[in-house]
Structure formats: C-alpha cells, structure tokens
Amino acid sequence: MMEETRLQKQLRFLVEVDQMKNVLRQTLLVDKSRRENDAEHSWHFALMAMLLSEYADGSKVDFYRVLRMALVHDLIEVYAGDTFAYDKKGNEDKEEREKKAADKLFGMLPEDQGKEIRDLWEEFDQMETPDAQYAASIDRLQPLINNYMTQGHTWHIGTVTSKDVYARAAIIEKAAPELWKVVQFIIKDSIEKGWLKE
C-alpha cells in the first residue's frame, strides 16, 4: 500500500472534522429552534473575537492567532463529544477523553500541521497566554449571551447557580474587563428574572 501524500492527509482530516456539524452543544440558538452545533459555535466565537477585539489588550493579543484558536479549539469533540460546562461528573474524565481524541485527530495530519494545531489547541486550553485568555473569554461569552437570550436555557439543566456562572466566566474579567460589565449585567438580570439561581 502506498503512503498517503501530504494533500491526501489534509483532505482526509478536513472530511473527518466535518463531523463537528453533528456535535450538538447544550446551548440553544437564539431563536430557540434547536441546539447549536460545534461548527456554529466555532464560527460565532471567531466572529465575536474579531468584532470585539477592541476590548482586549491589543498590544498583547495577536488576533490572527485568536481566530485560529477559535477554529481549532473544539475539533477534538468529533471524537470526545461536547462536555457540558456545568456537568461535574462529565468533566471528571474530560481531560483524558480529549487528549486521546487529540492524539487520534491531529495525528491524521502531516506532522508539522498536526503539531501546529495541537499546540494551538493546548495553548487555548491552558489559558496562560494573552491570546488564549482573550480567546477563552469569547468562548465563554458566546454561550452566556445565548443563555440570556433563551431565558437561561442551559442553566436549568442540573443545578447551575450564579456562583457557577461567575466562576466559568471569570477569565473575561482578566482578559477583557469592559466585557466583564456585560457578564455582570447578564447574571444580575437573569437572577432578577428568575432564569438563574443565586
């Protein structure tokens, strides 16, 4: 059997990640018609990161890298599945499942590209660099806005409290303080409206 060419590996990877369109998240679309899929979330994340870039520290953030993180941050979910952010049990083995998925998925690519994408994915996950912190902020803001627009839909799954939402969104205060005001408003208003437990 002949060894796959670089192009064949790239095309096989691109066909494989088409499965993102079938990975459903808990978040509803704003019109409440159905659950959002991973591909839609990644697109919305990238668009928000671009449009809201003025609220990050532009002297420290490389927005091209942030957009790349938006595109790759959930690719591994084609194998690992989406783990609901507030599912304590589901999050226990998330790291292990996602590492195995990363090995399998990024291993399909030519070695240089597989390493490049995996490095971006790991950097995003670790949230230590300014790029990753801004990216993580937008990744958390996107479903927060959708939850608010759908009367707290995912907060009614399990026992999500305002403390949980504040903890999940905390990176926003550090990476984009102006956007933190939006978070505070959404949480406070959602509590007042009875959509989120205090």
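In what follows, residues are counted from 1 in the order of the sequence shown.
- Between Phe45 and His41, the ring-plane angle classifies as tilted under the 30° and 60° cut-offs.
- Nearest heavy atoms, Pro110 versus Lys9: CD-CB, 3.8 Å.
- Between atom OH of residue Tyr79 and atom NZ of residue Lys100 there is a gap of 15.0 Å, rounded to the nearest 0.5 Å.
- The ring pair (Phe, Tyr, Trp, His ring centres under 6.0 Å) search around Phe13 returns none, not counting sequence neighbours.
- Scanning all heavy atoms of the two residues, the minimum distance from Thr150 to Val30 falls at CG2-O, 3.9 Å.
- Here the side chain of Arg140 pairs a donor or acceptor atom with the backbone of Arg168 at under 3.5 angstrom.
- The number of heavy-atom neighbours closer than 6.0 Å to CD of Gln8, taken from other residues, nucleotides and ligands shown, is above 12.
- With hydrogens and angles left out, the side-chain atoms of Asn147 and Thr154 include a donor and acceptor closer than 3.5 Å.
- Scanning both residues, Ala46 and Leu67, for their nearest heavy atoms gives O-CD2, 3.2 Å.
- Dense packing is recorded around CE of Met48, with more than 12 heavy atoms of other residues, nucleotides or ligands lying under 6.0 Å away.
- Using a cutoff of 4.0 Å between basic side-chain nitrogens and carboxylate oxygens, Glu95 and Lys99 are not scored as salt-bridged.
- A salt bridge between Arg6 and Asp112 is present, with a side-chain N of the basic residue lying under 4.0 Å from a carboxylate O of the acidic one.
- Of the possible donor and acceptor atoms, one in the side chain of Asp62 sits under 3.5 Å from a partner among the backbone N and O of Arg65.
- The shortest distance between side-chain heavy atoms of Val183 and Leu141 falls below 4.5 Å.
- Here the straight-line distance linking atom OG of Ser162 with atom NZ of Lys188 works out to 12.5 Å at 0.5 Å rounding.
- Between Trp180 and Tyr166, the angle of the ring planes lies from 30° to 60°, which puts this pair in the tilted group.
- Side-chain contact between Trp155 and Asp164 is absent, with no heavy-atom pair separated by less than 4.5 Å.
- Considering CG of Leu71 and CG of Leu120, their distance stands at 10.0 Å, rounded to 0.5 Å.
- Trp43 and Leu29 are members of different hydrophobic clusters when ILVMFWY side chains are connected at heavy-atom separations under 4.5 Å.
- Surrounding CZ of Phe106 are more than 12 heavy atoms belonging to other residues, nucleotides or ligands, all under 6.0 Å away.
- Annotation: side chain of Arg25 is in contact with side chain of Asp38 (closest heavy-atom distance under 4.5 Å).
- Smallest separation of non-hydrogen atoms from Asp103 and Arg118: OD1-NH1, 2.6 Å.
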Go through Arg12 and Glu16 one step at a time and tell me if the salt bridge (Lys or Arg N to Asp or Glu O under 4.0 Å) criterion holds.
CA-CA 6 Å; Arg12 187 162 64 96; Glu16 192 74 1; over 6 Å; no
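- Classification of Lys115 and Glu111 as a salt-bridged pair fails, no side-chain N sitting under 4.0 Å from a carboxylate O.
- Here the side chain of Asn146 pairs a donor or acceptor atom with the backbone of Leu28 at under 3.5 angstrom.
- Residues Ile187 and Val165 approach most closely at CD1-CG1, 3.6 Å, considering heavy atoms.
- When side chains are defined from C-beta on, Val61 does not count as touching Gln133, because their heavy atoms never get closer than 4.5 Å.
- Residues Val23 and Asn37 are not in side-chain contact: their nearest non-hydrogen atoms beyond the backbone lie 4.5 Å or more apart.
- To the nearest 0.5 angstrom, Leu14 atom CG is 9.5 Å from Met108 atom CE.
- Within a 6.0 Å sphere centred on CD of Glu96, other residues, nucleotides and ligands contribute 12 heavy atoms or fewer.
- Between Thr129 and Glu123, the shortest heavy-atom distance links the atoms OG1-OE2, 2.6 Å.
- The number of heavy atoms from other shown groups lying within 6.0 Å of CD (Glu198) does not exceed 12.
- The structure places CH2 of Trp121 at 5.5 Å from CD of Glu98, a figure rounded to the nearest 0.5 Å.
- For the atom pair NZ (Lys32) and CD (Gln151), the distance works out to 3.5 Å, reported to the nearest 0.5 Å.
- Between Lys174 and Met127 there is no side-chain heavy-atom pair separated by less than 4.5 Å.
- Between Tyr148 and Lys193, some side-chain heavy-atom pair lies under the 4.5 Å cut-off.
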